[in-house]
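What follows is a single structure, written as structure tokens, with notes after it.
Order of the sequence lines sets the chain letters (A, B, ...), proteins ahead of strands, with each chain counted from 1. Hydrogens, waters and symmetry mates play no part in the numbers below; they use all other heavy atoms, side chains included. All values reported here derive from a predicted model rather than from experimental measurement.
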Amino acid sequence: MSPDRAASIRAAILDWYRANARELPWRGTRDPYAVWISEVMCQQTRVDTVLPYYARFMARWPTVEALAAADDDDVRAAWSGLGYYRRAQLMLKAAREVVSQHQGRFPDDADGLLALPGFGRYTAGAVAAFAFDRPRAAVDGNVTRLVARLEALEGDVMQGSGAQAVWRAAEALAPGASPGDVAQGLIEVGALVCTARNPRCGACPVAEACKARAQGAVERIPAPRKRATKKAVALTAVLWLDGGRVLLSRQPEAGLFASLWCPIFLEGHLEPDGAADEALRAHRLDPGPLTSTGQVRHVLTHRTLEIHVLRASNKAPRRLPEGMAWAPLDALTEWAIPSVTARCLDAALDRAERAKIRLTRRETRRTPAAQGSLPGLE
DNA sequence: CAGTCGTGGGG
DNA sequence: TCCCCAAGACT
């Protein structure tokens, strides 16, 4: 990219950003910790979803020292429902590294940041640019799309040589005045204007410079990402409820829902009065009679979990197998559970029980406006 | 490099 | 209902 073209695009992005940027809680701070938390939460996650999580997280762990001293399960619980839970684990590891090996100060440029767990090329560039005002590129999905269109890059820009070309162009845009605002501006234009569907080219500050637009190729560029094939997985979830508590089982430290608490998952769709009962006895559990209470279809990136939900109500056994625990329903927000656990639990409860729990469950999990029901009803 | 790892919103 | 996908990183 020619220096003139880069300067022109940079100036247009900067002007537009200063006039149109959304006010977000992590904007207007140079605190690398705050910037970092927001960046990790935003990975593959919509801003609207992140907002309540970010507020709670920063209130509870306002500094890297506080986070470094946090309990792993408390952090997982704070992440509950956000998905991609390994992010939280790597974040905790990085916080401890910053405190123990960097005197609590983040490295002030991308190379140093890149060495920390959970910092990839994007996050390192973003923190370097936003917090330290370094002239670094921060190429996320938004910037990839924007740059691919600006330069009319054909083919797959998500990986390989296509991704390299995007980074090269983004790095050409980085040097100059206010690099932090330029980097955020590129992201913001990608997020609000140069959108994947129905891009608002009429409102775009760099429409004049856009090669895809000149070629009438905006709809075609970037080429759609190759998507993973989803495999259906049949499971049976056993929700054992007793005395206002539910029996949960901790997942292994690696893999799906790592270290989180889930219902007892059995492979396959098992009959309540036969195979399911047998499988539980293999866990040395006597759940008593099982009743089928519904089904949950939970879609993940590479799998679709098709879950048959069974409910057990026998009296709690004296001793539980390793890795299992009783979770009080009125304290479930303090437990590290993925959304699928909450959904299975919902499916196992009757309406009255659900209503009771809803009063105590965190209402910010969903935006109130999205509920569609009036307050006081229900 | 290709597979793994969540969730919820919107067309 | 289905499909796309959103401020990616790690193995």
Rounded to the Å, how far apart are [X] [atom1] and [N] [atom2]?
{"X": "A:Glu39", "N": "C:dG8", "atom1": "CD", "atom2": "C1'", "result": "11 Å"}
{"X": "A:Lys93", "N": "C:dC10", "atom1": "NZ", "atom2": "C1'", "result": "11 Å"}
{"X": "A:Leu51", "N": "C:dA6", "atom1": "CG", "atom2": "P", "result": "18 Å"}
{"X": "A:Leu256", "N": "B:dT4", "atom1": "CG", "atom2": "C1'", "result": "9 Å"}
{"X": "A:Glu253", "N": "B:dC5", "atom1": "CD", "atom2": "C1'", "result": "16 Å"}
{"X": "A:Lys230", "N": "B:dG6", "atom1": "NZ", "atom2": "P", "result": "13 Å"}
{"X": "A:Asp346", "N": "B:dT7", "atom1": "CG", "atom2": "P", "result": "14 Å"}
{"X": "A:Trp79", "N": "B:dC5", "atom1": "CH2", "atom2": "C1'", "result": "13 Å"}

Selected nucleotide, minimal atom distance to [X] side chain, candidates [options]:
{"X": "A:Arg197", "options": "B:dG6, B:dG10, B:dT4", "result": "B:dG10"}
{"X": "A:Gln43", "options": "B:dG8, C:dA9, B:dG6", "result": "C:dA9"}
{"X": "A:Tyr84", "options": "B:dC5, C:dC2, C:dA9", "result": "B:dC5"}

Margin query: Please report the interatomic distance CD(A:Gln251) to CZ(A:Phe265), rounded to the nearest 0.5 Å.
Written below: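 Nearest 0.5 Å value for the CD-CZ distance: 6.5 Å.
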Sugar-phosphate, base or nothing in reach of [X], heavy atoms under 4.0 Å:
{"X": "A:Gly255", "answer": "sugar-phosphate"}
{"X": "A:Thr301", "answer": "base"}
{"X": "A:Arg343", "answer": "nothing"}
{"X": "A:Leu24", "answer": "base"}
{"X": "A:Val40", "answer": "nothing"}
{"X": "A:Arg76", "answer": "nothing"}
{"X": "A:Val299", "answer": "base"}
{"X": "A:Ala196", "answer": "sugar-phosphate"}
{"X": "A:Trp36", "answer": "nothing"}

N/O (side chain, [X]) to phosphate O (OP1/OP2, [N]) under 4.0 Å:
{"X": "A:His298", "N": "B:dG6", "result": "no"}
{"X": "A:Arg145", "N": "C:dC5", "result": "no"}
{"X": "A:Thr49", "N": "B:dG9", "result": "no"}

Note to self: By nearest heavy atom, map A:Gly160 and A:Arg303 onto DNA chain B; which one lands nearer the 5' end?
What the structure shows: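 Going by which nucleotide is closer to the 5' end, it is A:Gly160.
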Next item on the list: Tell me which of A:Gln159 and A:Ala254 sits closer to the 5' end of DNA chain B, going by the nucleotide each one is nearest to.
Entry: A:Gln159
Notebook entry, point to check: Which of parallel (below 30°), tilted (30 to 60°) and perpendicular (above 60°) describes A:Phe57 and A:Trp79?
Noted result: perpendicular
Check: Any N or O donor-acceptor pair linking the side chain of A:Thr45 to the base of B:dG6 at under 3.5 Å?
Finding: yes
Checklist line | No-H, no-angle donor-acceptor pair, A:Thr123 side chain to C:dG8 base, under 3.5 Å | finding: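 Check fails, no donor-acceptor contact within cut-off.
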Polar contact flag, side-chain donor to acceptor under 3.5 angstrom, [X]-[Y]:
{"X": "A:Arg311", "Y": "A:Ser292", "result": "no"}
{"X": "A:Gln43", "Y": "A:Tyr84", "result": "no"}
{"X": "A:Arg87", "Y": "A:Thr45", "result": "yes"}

Margin query: Measuring centre to centre across the rings, with the benzene-like ring taken for any Trp, is A:Phe119 within less than 6.0 Å of A:Trp36?
Written below: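 Yes - the distance between ring centres of A:Phe119 and A:Trp36 falls below the 6.0 Å cut-off.
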Check: Closest nucleotide of DNA chain C for A:Leu114 versus for A:Arg46: which of these residues is on the 5' side?
Finding: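 Looking at the nearest nucleotide for each, A:Arg46 comes out on the 5' side.
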Checklist line | A:Ser38 or A:Pro117, whichever maps to the more 5' nucleotide of DNA chain C | finding: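 The answer here is A:Ser38.
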Next item on the list: Could you tell me which residues satisfy ring-ring contact (aromatic ring centres under 6.0 Å, His included) with A:Trp26, sequence neighbours excluded, listed by chain and number?
Entry: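 Testing A:Trp26 for ring-ring contact (aromatic ring centres under 6.0 Å, His included), a comparison that skips the adjacent residues, returns A:Tyr54.
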